[in-house]
Visitor: 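One structure, as structure tokens, below. Some questions next.
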Amino acid sequence: MIKLVIAEDQIIVRQGLKRLLEAQPDLKVVAEASNGQEAIEKVAAFNPDVLLMDVRMPVKDGVAATRQVVERFPNTKVLVLTTFDDEEYIEDAIRFGAMGYLLKDTPPKELADAIRAVHRGYTQLGPGLLKKVFPRQKIPKFSQKEDQKKVLALLSAREREVLSLIATGASNREIADILFISEKTVKNHITNILSCLNLRDRTQAAVFALSLVSLNDQNLNDD
């Protein structure tokens, strides 16, 4: 059973989401929050697997709350669910550790599937949202698989593993635990990745990795 907390300031929307999600046999809403600060408190009290987070809320907005939840409660995955598709919101949410960003017009079945995917550690972005981030990130596009392979060839096998995990939203500590290496080594690998790929920061690396067809039809660990 996947335990959920819903952070949404509109009670009608919040209750509607609860009914839709609890129609799924493996999803259970354990608490609700009407603002970002309350969301943090509910996560502390109920230790949910996934937090559904709206963006614009009173007291504390969803992006700021996402940052605190990710820092304080690493076992809780944050999935943003909002009506706002502003590039800044998307970029900040991902940078602060959200595992996904969906719009509220997402069909119920797709939302449920996204929650399951986020719970398993996969990043989820709604249709068209990745393209919205590209202009801000100024990341080169690669349309041919051969070009993508050449780019990935710049990285070592271990760096490709790290890049793949960055794309899932894993923190440095989580990457270190998965690969059985130190956090300092993870940081060194990320520095090399950014340098080799001419990227500015971790967010660009995640978006770049998600843009590659290779992530869908080729394991980044392949030589």
Side-chain angles (χ1 to χ4, degrees), residues 1-5 7 26-27 30 39-40 42-53 62-81 90-102 113-125 129-130 133 137 139 152 155-197 199-212 214-216 218-222:
M1 184 70 69
I2 300 175
K3 297 186 299 180
L4 307 171
V5 166
D26 59 334
L27 303 181
V30 296
I40 297 169
K42 295 295 184 181
V43 169
F46 291 91
N47 190 32
D49 300 302
V50 178
L51 168 62
L52 282 183
M53 181 77 84
V63 173
T66 291
R67 184 174 191 173
Q68 291 193 33
V69 167
V70 171
E71 290 177 350
R72 293 176 55 188
F73 311 102
N75 292 330
T76 296
K77 306 294 194 301
V78 178
L79 174 58
V80 175
L81 183 66
I90 301 169
E91 180 181 344
D92 286 347
I94 294 173
R95 179 161 55 92
F96 291 149
M99 294 292 290
Y101 198 108
L102 300 178
D113 288 341
I115 290 171
R116 296 182 185 106
V118 164
H119 180 239
R120 293 195 302 270
Y122 293 98
T123 302
Q124 297 289 299
L125 288 177
L129 297 186
L130 192 61
V133 180
Q137 296 294 352
I139 296 175
L152 294 175
L155 306 178
S156 69
R158 179 63 87 190
E159 287 167 351
R160 293 198 295 273
E161 289 178 321
V162 172
L163 179 61
S164 180
L165 290 168
I166 289 174
T168 71
S171 67
N172 286 359
R173 177 176 296 179
E174 290 170 332
I175 294 173
D177 290 342
I178 292 170
L179 298 180
F180 301 102
I181 57 179
S182 69
E183 284 190 65
K184 182 178 180 180
T185 300
V186 172
K187 292 178 181 178
N188 289 339
H189 284 314
I190 292 175
T191 298
N192 289 338
I193 289 169
L194 298 181
S195 177
C196 287
L197 301 182
L199 300 174
R200 185 183 67 239
D201 52 31
R202 185 192 192 92
T203 303
Q204 283 196 345
V207 175
F208 173 83
L210 287 168
S211 74
L212 296 176
S214 300
L215 276 177
N216 296 320
Q218 174 188 327
N219 190 316
L220 283 178
N221 301 328
D222 293 343

Visitor: Which heavy atom in Val63 sits nearest to a heavy atom in Ala93, and how many Å separate them?
Guide: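 The pair with the smallest heavy-atom distance is CG1-N, 4.4 Å.
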Visitor: So which heavy atom on Ala205 is nearest to which on Leu163, and how close?
Guide: O-CD1, 3.7 Å
Visitor: Find the distance between CD (Gln124) and NE2 (His119) and round it off to the nearest 0.5 Å.
Guide: 13.5 Å
Visitor: Do Leu179 and Val186 make a side-chain contact, defined as non-hydrogen atoms from C-beta onward lying under 4.5 Å apart?
Guide: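 SC-SC contact between Leu179 and Val186 ruled out.
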Visitor: Could you report the tightest heavy-atom contact between Thr76 and Pro48, atom names first, then the distance?
Guide: OG1-O, 2.7 Å
Visitor: Between atom CG of Leu27 and atom CG of Asp49, what is the distance when rounded to the nearest 0.5 Å?
Guide: 10.0 Å
Visitor: Please enumerate all residues that pass side-chain contact (heavy atoms from CB on, under 4.5 Å) together with Lys42, with sequence neighbours excluded.
Guide: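 In terms of side-chain contact (heavy atoms from CB on, under 4.5 Å), with neighbours along the sequence ignored, Lys42 is linked to Val5, Ala31, Ala33, Glu38, Phe46.
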Visitor: Which residues pass the side-chain hydrogen bond (donor to acceptor under 3.5 Å, both in side chains) test with Asn172, not counting sequence neighbours?
Guide: Arg202
Visitor: Atom CD1 of Ile94 and atom OG1 of Thr123: how far apart are they, to the nearest 0.5 Å?
Guide: 7.5 Å
Visitor: Check step by step if side chain to side chain contact (heavy atoms under 4.5 Å, CB included) holds for Leu197 and Leu155.
Guide: CA-CA 9 Å; Leu197 301 182; Leu155 306 178; 4.3 Å; yes
Visitor: Which heavy-atom pair separates Ala209 from Ala167 by the least distance, and what is that distance?
Guide: CB-CB, 3.7 Å
Visitor: Under the rule for salt bridge (Lys or Arg N to Asp or Glu O under 4.0 Å), what residues qualify as partners of Asp92, not counting sequence neighbours?
Guide: Arg95
Visitor: Do Ile181 and His189 have side-chain heavy atoms sitting under 4.5 Å apart?
Guide: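 In contact.
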Visitor: Any salt bridge (charged side-chain N to carboxylate O under 4.0 Å, His left out) involving residues 178-196? Give me the pairs, sequence neighbours left out, ordered by first then second residue.
Guide: Arg173-Glu183
Visitor: Donor-acceptor pairs under 3.5 angstrom involving side-chain atoms of residues 64-75: please list them, not counting sequence neighbours.
Guide:
from: Thr66; atom 1: OG1; to: Gly62; atom 2: O; distance (Å): 2.7

Visitor: With sequence neighbours excluded, tell me which residues meet side-chain hydrogen bond (donor to acceptor under 3.5 Å, both in side chains) with Asp113.
Guide: Lys109, Arg116
Visitor: Measure the CG-CG distance between Asp177 and Leu165 for me, rounded to the nearest 0.5 Å.
Guide: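 Here the interatomic distance stands at 11.0 Å.
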Visitor: Identify, with sequence neighbours excluded, every residue that meets side-chain hydrogen bond (donor to acceptor under 3.5 Å, both in side chains) alongside Arg158.
Guide: Glu161
Visitor: Measure the spacing between CG of Leu125 and CE of Met99 and express it to the nearest 0.5 Å.
Guide: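 Answer rounded to 0.5 Å: 10.5 Å.
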Visitor: Roughly how far, to the nearest 0.5 Å, is the CG atom of Leu102 from the CG atom of Leu79?
Guide: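 The CG atom of Leu79 sits 5.0 Å away from the CG atom of Leu102.
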